[in-house]
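We count ligands from 1, going down the list as the structure has it; atoms in each ligand are counted the same way. Residues take their numbers from the sequence shown, with the count starting at 1.
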Amino acid sequence: MRTKIEPFRIKVTEPLKIISREERIDALREAHNNVFLLDAEACVIDLLTDSGTGAMSTHQWAAIMLGDESYAGSTSWKKFEATVRDITGMEHIFPTHQGRAAEGILASTRLKPGDVIPNNSHFDTTRANIEFVGARAVNLLCPEGLDNTSEALFKGNMDLAQLEQCIAEHGAGRIPFCMLTVTNNTGGGQPVSMANIRAVKQLLDKHRIPLVLDACRFAENAYFIQLNESGYGDRSLLDIARDTFSYADGATMSLKKDGLVNIGGFLTCNDDAWAEDFRNALILREGFPTYGGLAGRDLEAAAVGLMEALDQEYQEYRHATVVYFAKGLDTIGAPYVRPVGGHAVFLDAKAMLPHLEPLQYPGIGIVNALYVEGGIRSVELGSVMFGSFDENGTEVPSPLELVRLAFPRRVYTQSHFDYVLEVIDEVWRKRERISGHRITYQPHFLRHFTCYFEAIS
Ligand SMILES: Cc1ncc(COP(=O)(O)O)c(C=O)c1O
């Protein structure tokens with residue numbers, strides 16, 4: 001059949017409140033034109049993030065009832081541990097309340113000021129945890145990953161020459177571990193090939209530097225490998241995931257992505273000395289090692305969710321949704337980052353609004369227009385989020401002005417996405433009338449979350 005259907009039917013529904021255009025205009029004004037400050041119920045389709053926003057299956061809800069809330073050694077922990085070990089093959093497994101807690105434990109136990117941690121691209125909490133202990137986080141993404149027009153299939157790959165140069169420049173002694181983020185969140189979940197993972201590991205082995213995966217979207221990455229890398233077409237997603245982890249010495253994971261749960265994370269490693277440090281930090285910050293930062297029922301749901309994320313039908317449907325959406329954008333003619341990644345589509349706001357200067361924040365213009373037009377919540381990834389200030393205090397724009405539409409897992413149907421496309425079409429038609437914005441209030445750090453905007457008339 002040509003139509004790839006959702007491999008589930010809906011048993012519980014959650015009403016969407018569809019407020020009028022006038023109400024949306026008021027809501028946005030009250031939120032100071034910053035969609036982060038909107039109430040969730042004022043959003044018709046919420047594409048702010050794919051993190052923790054997925055829907056659980058009947059099997060996961062049933063597993064929740066089996067939650068064993070014993071403080072130590074619960075049956076829920078044993079199931080969780082067995083599942084994570086089955087996929088990752090790792091010796092030591094530590095449950096955390098979410099991904100950044102795993103990153104915090106890793107960084108605080110292994111790093112010292114002056115250390116350098118390479119990655120294809122650090123996620124912002126990973127970078128913050130590394131920098132918090134005085135180490136440096138460096139991004140060594142392959143050049144195709146930075147090129148919006150490149151159709152390369154594995155745009156999340158690490159640049160091996162830059163990695164070699166980084167090791168030569170800083171010395172292996174200053175690099176306690178190297179990270180690889182699969183898929184690479186920056187750019188909407190661009191995948192990393194198995195060949196690249198293997199080559200990174202081989203290079204690191206020469207210098208005795210351990211490899212730690214940021215494995216939030218390991219199952220989506222496995223699907224891309226199966227789809228596009230020669231030699232993997234006949235392999236199961238579980239097999240490919242096992243291969244992926246076989247090159248790693250440890251991993252951090254936010255279960256809010258490919259764990260298909262609303263909260264949770266884990267940290268794993270093979271080294272006994274690392275594990276000793278992780279265990280002590282876990283007990284101090286999160287909880288006893290057999291529950292860490294989670295309730296027994298959360299461990300149950302995650303154990304089921306991790307395997308559901310590796311289900312072939314599920315990944316095919318998820319990818320088909322993203323591809324379907326991209327085809328819709330092609331029909332409209334709205335520019336976006338190609339090829340689409342695993343969990344999001346990025347509109348190119350700079351190309352959509354060429355009449356605006358970068359410091360008139362074209363991404364905010366598109367984000368706010370999508371909200372007013374159809375109640376869609378998206379997020380700017382441009383000069384507001386990634387801009388900087390030079391030594392004279394002058395604002396320096398980001399090289400890219402993007403708007404991310406992230407896809408929650410198993411939440412929206414094809415007609416929801418048809419609706420989003422209709423709204424984009426409307427915004428695209430009115431693009432010449434979309435105005436720029438100025439910032440009227442901003443905090444010192446992470447300004448995009450709480451700053452206020454005003455439209456420039
Ligand atoms: C690549 C990546 N790493 C780490 C994290 C942090 O995970 P959490 O939000 O569970 O702390 C995220 C969250 O979006 C992510 O996308």
Side-chain angles (χ1 to χ4, degrees), residues 36 46-54 84 94-108 117-132 137-141 145 155-158 177-192 197 211-222 224 244-245 248 250-268 281-282 285-286 292-294 298-299 301-302 305-306 309 318 341-346 378-379 381 385-386 402 404-409 446 448-449:
F36 275 105
D46 202 344
L47 305 182
L48 190 64
T49 176
D50 68 316
S51 178
T53 52
V84 176
F94 303 97
T96 59
H97 79 274
Q98 62 183 92
R100 68 198 67 186
E103 293 161 2
I105 292 171
L106 175 70
S108 64
I117 303 300
N119 198 334
N120 45 355
S121 300
H122 289 276
F123 181 66
D124 55 11
T125 58
T126 324
R127 169 178 295 278
N129 270 303
I130 290 168
E131 291 176 351
F132 188 70
V138 295
N139 291 344
L140 306 178
L141 188 61
K155 287 172 80 171
N157 282 354
M158 183 173 263
F177 56 88
C178 168
M179 294 188 79
L180 205 48
T181 305
V182 298
T183 58
N184 188 30
N185 188 349
T186 316
Q190 297 294 335
V192 182
I197 298 170
L211 175 62
V212 176
L213 290 182
D214 177 340
C216 295
R217 299 178 181 84
F218 75 98
E220 288 172 9
N221 201 72
F224 278 108
T244 305
F245 283 103
T252 59
M253 161 114 190
S254 167
L255 290 163
K256 296 169 76 174
K257 286 83 174 175
D258 280 350
L260 294 176
V261 286
N262 305 112
I263 196 72
F266 66 71
L267 177 62
T268 65
L282 188 83
R285 295 176 179 196
E286 294 278 296
L294 295 170
D298 297 329
L299 296 169
L306 280 165
R318 179 147 174 86
H343 68 280
V345 170
F346 283 28
S378 54
V379 62
L381 272 78
M385 196 183 274
F386 297 123
L402 304 176
R404 187 181 77 178
L405 303 160
F407 290 19
R409 293 170 179 79
L446 298 172
H448 55 282
F449 288 125

Can you tell me which residue and heavy atom of the protein come closest to [atom], and the distance to 0.1 Å?
{"atom": "atom 13 (C) of ligand 1", "value": "K257 NZ, 2.4 Å"}
{"atom": "atom 11 (O) of ligand 1", "value": "R100 NE, 2.7 Å"}
{"atom": "atom 10 (O) of ligand 1", "value": "S254 OG, 2.7 Å"}
{"atom": "atom 5 (C) of ligand 1", "value": "F123 CD2, 3.2 Å"}
{"atom": "atom 16 (O) of ligand 1", "value": "N185 ND2, 2.8 Å"}
{"atom": "atom 8 (P) of ligand 1", "value": "Q98 NE2, 3.3 Å"}
{"atom": "atom 4 (C) of ligand 1", "value": "E103 OE2, 3.0 Å"}

Nearest option to atom 6 (C) of ligand 1, as decided by whichever heavy atom of T183, N119, T125, D214 sits closest: T125
Donor-acceptor pair between N185 and H343 side chains, under 3.5 angstrom: yes
Polar atom proximity, T126 to ligand 1 (N or O, under 3.5 Å): no
[X] neighbourhood, listing ligand 1 atoms whose heavy-atom distance to it stays under 4.0 Å:
{"X": "T181", "result": "1 (C)"}
{"X": "K256", "result": "10 (O)"}
{"X": "R217", "result": "1 (C), 15 (C), 16 (O)"}
{"X": "G99", "result": "7 (O), 8 (P), 10 (O), 11 (O)"}

Any residue meeting salt bridge (Lys or Arg N to Asp or Glu O under 4.0 Å) with R217, in chain and number order, not counting sequence neighbours: D50
Does [Y] offer a backbone N or O that forms a donor-acceptor pair with the side chain of [X] under 3.5 Å?
{"X": "E131", "Y": "A137", "result": "no"}
{"X": "R404", "Y": "L48", "result": "yes"}
{"X": "N139", "Y": "H122", "result": "yes"}

Residue-ligand contact C216/ligand 1, heavy atom below 4.0 Å: yes
side-chain contact (heavy atoms from CB on, under 4.5 Å) against F132, all qualifying residues, sequence neighbours excluded: none
Non-hydrogen atoms of D258 and A309 that approach each other most closely: O-CB, 3.2 Å
Atom pair CG (D214) and OG1 (T252), whose distance is rounded to the nearest 0.5 Å: 4.0 Å
Flag side-chain contact, heavy atom, 4.5 Å: N120 against Q190: no
